[in-house]
Amino acid sequence: MPWNDKSGGGGPWGGGNNNGGGGGPWGQGPRGPGGPQGGPPDLEDIIRRGQDRLKQALPGGAGASPALFGLIGLALVAFWLFQSIYTVQPDELAVELRFGKPKEELSQPGLHFHWWPIETVEFANTAEKLVDLGEVRGNTSSGLMLSGDQNIVDVKFSIAYQVSNPEAYLFNVADPDEMVRQVGESAMREAVGRRPAQDIFRDDRQGIADAVRGIIQTTLDQYGTGLTINAISIEDAAPPREVADAFDEVQRAEQDEDRFVEESNQYSNQKLGQARGEAAQVREEAAAYKNRVVQEAEGEAQRFVSVYDEYAKAPDVTRERLFLEMMEKVLKDSNKVIVGQGSGQGVVPYLPLPELQKNAPAPAAGGSQ
């Protein structure tokens, strides 16, 4: 509001008129160091008048003070409730602290209440986490390790872990995640240093992963980190880039050696199988020959027994029959004519000499006539 010169005083304080003609905003001009009579300022009057003007400036005048205090109280209660009620997510667990000391019970996922500020709460994410180790940083790799046979290998692997004890995870170790990284790298170096390079390359990766998992879990349990190692995955294992070509040559030579050994084993198995087959064939033929000879001998014996039985029944007839059969076999291909005794008086002996000369075999060369 602009200053009006008609107020009867000089300046905004109404000049020096103390009879109520002006007086400025406080009803009278401000007193100097000594007041109108050189006394101290009236502070109580100033405070009282300031309170009156503040009440008049508030909505509803002086009667609004209790309502204002109520609103302020509700705001404070709402703020306290906001700080006292907290939510635990599905992949979290919470630990309440009373005067900084953790409680024994854990807060499961859901809505919870605690007495703030006497009690506070800390959250621990229980979802599985993955840490990759052996990354290339600049021109070097953090996965370079010395194997048991004095070879350098570059190992890249990952560690899957999660929180199993939120209280230990939150309060026992300053940085559990970084500790997992450091302990995992140390454990892998220890496991690789005890084995030849061929194991980590291809022969026994799973065995090395299991050994590393056991070392890490034991160390973390000793430190009380509240972490559980779920799995160790060896993603890659290779020689350093500087010697990769030479190592590939060695690998190819070893593969050729394995191939030659395999081919020789196949040839050996083939020849061995063939020899075994031939031996089995010889054994089968010998067994068949044995059976045939035995059967023939048994047959001859049975035939002889049957002939003997017939001979015992009629010796003369059987003897004559045997004689005739034998003579038939002996003289079957002969050109001679044989006349037995008692053939009769009309048989004239005849010797066909010309025919015998024709059928006689030619003498051998140089032989006698």
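Counting begins at 1 with the first residue of the sequence.
Rounding to the nearest 0.5 Å gives a distance of 7.0 Å between CZ of F157 and CD1 of I232. One distance of note links CZ of R189 with CZ of R194; it measures 15.0 Å at 0.5 Å rounding. Of the inter-residue distances, the one linking I159 atom CD1 with I229 atom CD1 reads 6.0 Å to the nearest 0.5 angstrom. A distance of 14.0 Å separates CZ of R205 from CG of D210, quoted to the nearest 0.5 Å. A distance of 11.0 Å separates CG in N230 from OH in Y161, rounded to the nearest 0.5 Å. Atom CG of L220 sits about 12.0 Å away from atom CG of N172, to the nearest 0.5 Å.
With sequence neighbours excluded, no residue satisfies side chain to side chain donor-acceptor pair (under 3.5 Å) with Q266. In this view, E300 and R303 satisfy the side chain to side chain donor-acceptor pair (under 3.5 Å) rule, not counting sequence neighbours. In this structure D177 satisfies the salt bridge (Lys or Arg N to Asp or Glu O under 4.0 Å) test together with K129, sequence neighbours excluded. Among residues two or more places apart in sequence or in another chain, the side chain to side chain donor-acceptor pair (under 3.5 Å) test is passed with D316 by R319. In this structure F79 satisfies the ring pair (Phe, Tyr, Trp, His ring centres under 6.0 Å) test together with W116, sequence neighbours excluded.
G184 and I216 make their closest contact through CA-CD1, 3.4 Å (heavy atoms, listed as atom of the first residue, atom of the second, distance). Closest heavy-atom contact between P315 and A312: CD-O, 4.2 Å. Taking both residues in full, the closest heavy atoms of Q162 and E128 are given as CB-CA, 3.9 Å, listed atom of the first, atom of the second, then distance. Contact detail for A168 and G224: the closest heavy-atom pair is CB-O, 3.4 Å.
Between E263 and R259, at least one side-chain N (NZ, or NE/NH1/NH2) sits under 4.0 Å from a carboxylate O, which counts as a salt bridge.
The backbone N or O of S158 sits nowhere less than 3.5 Å from a side-chain atom of D132 that would complete a donor-acceptor pair. The backbone N or O of V192 sits nowhere less than 3.5 Å from a side-chain atom of S147 that would complete a donor-acceptor pair. Remark: side-chain polar atoms of S264 are paired, donor with acceptor, to backbone N or O of F260 under 3.5 angstrom.
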task: Show your reasoning for whether side chain to side chain contact (heavy atoms under 4.5 Å, CB included) applies to E185 and M188.
output: CA-CA 5 Å; E185 183 175 345; M188 181 61 72; 5.9 Å; no
- request: Begin with the C-alpha distance, continue with both residues' side-chain angles, and end with the deciding distance and a verdict on side chain to side chain contact (heavy atoms under 4.5 Å, CB included) for M179 and T219.
  value: CA-CA 10 Å; M179 177 171 289; T219 305; over 6 Å; no
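The hydrophobic cluster containing V307 does not contain F304, counting ILVMFWY residues as joined when their side-chain heavy atoms lie under 4.5 angstrom apart, directly or transitively. In the hydrophobic clustering of ILVMFWY residues, with side-chain heavy atoms under 4.5 Å counting as a link, V155 and I215 come out apart. No chain of hydrophobic side-chain contacts below 4.5 Å, direct or via other Ile, Leu, Val, Met, Phe, Trp or Tyr residues, connects V317 to F323. In the hydrophobic clustering of ILVMFWY residues, with side-chain heavy atoms under 4.5 Å counting as a link, V305 and Y308 come out apart.
D221 and Q217 share a donor-acceptor pair across their side chains, judged by distance under 3.5 Å alone.
Sequence neighbours left out, the pairs with a member in residues 274-294 that pass salt bridge (Lys or Arg N to Asp or Glu O under 4.0 Å) are R292-E296.
Contact of the K156 side chain with the L133 side chain is not registered, since no non-hydrogen atoms from C-beta on lie closer than 4.5 Å. Within the 4.5 Å cutoff, the side chain of E298 has heavy atoms near those of the V294 side chain.
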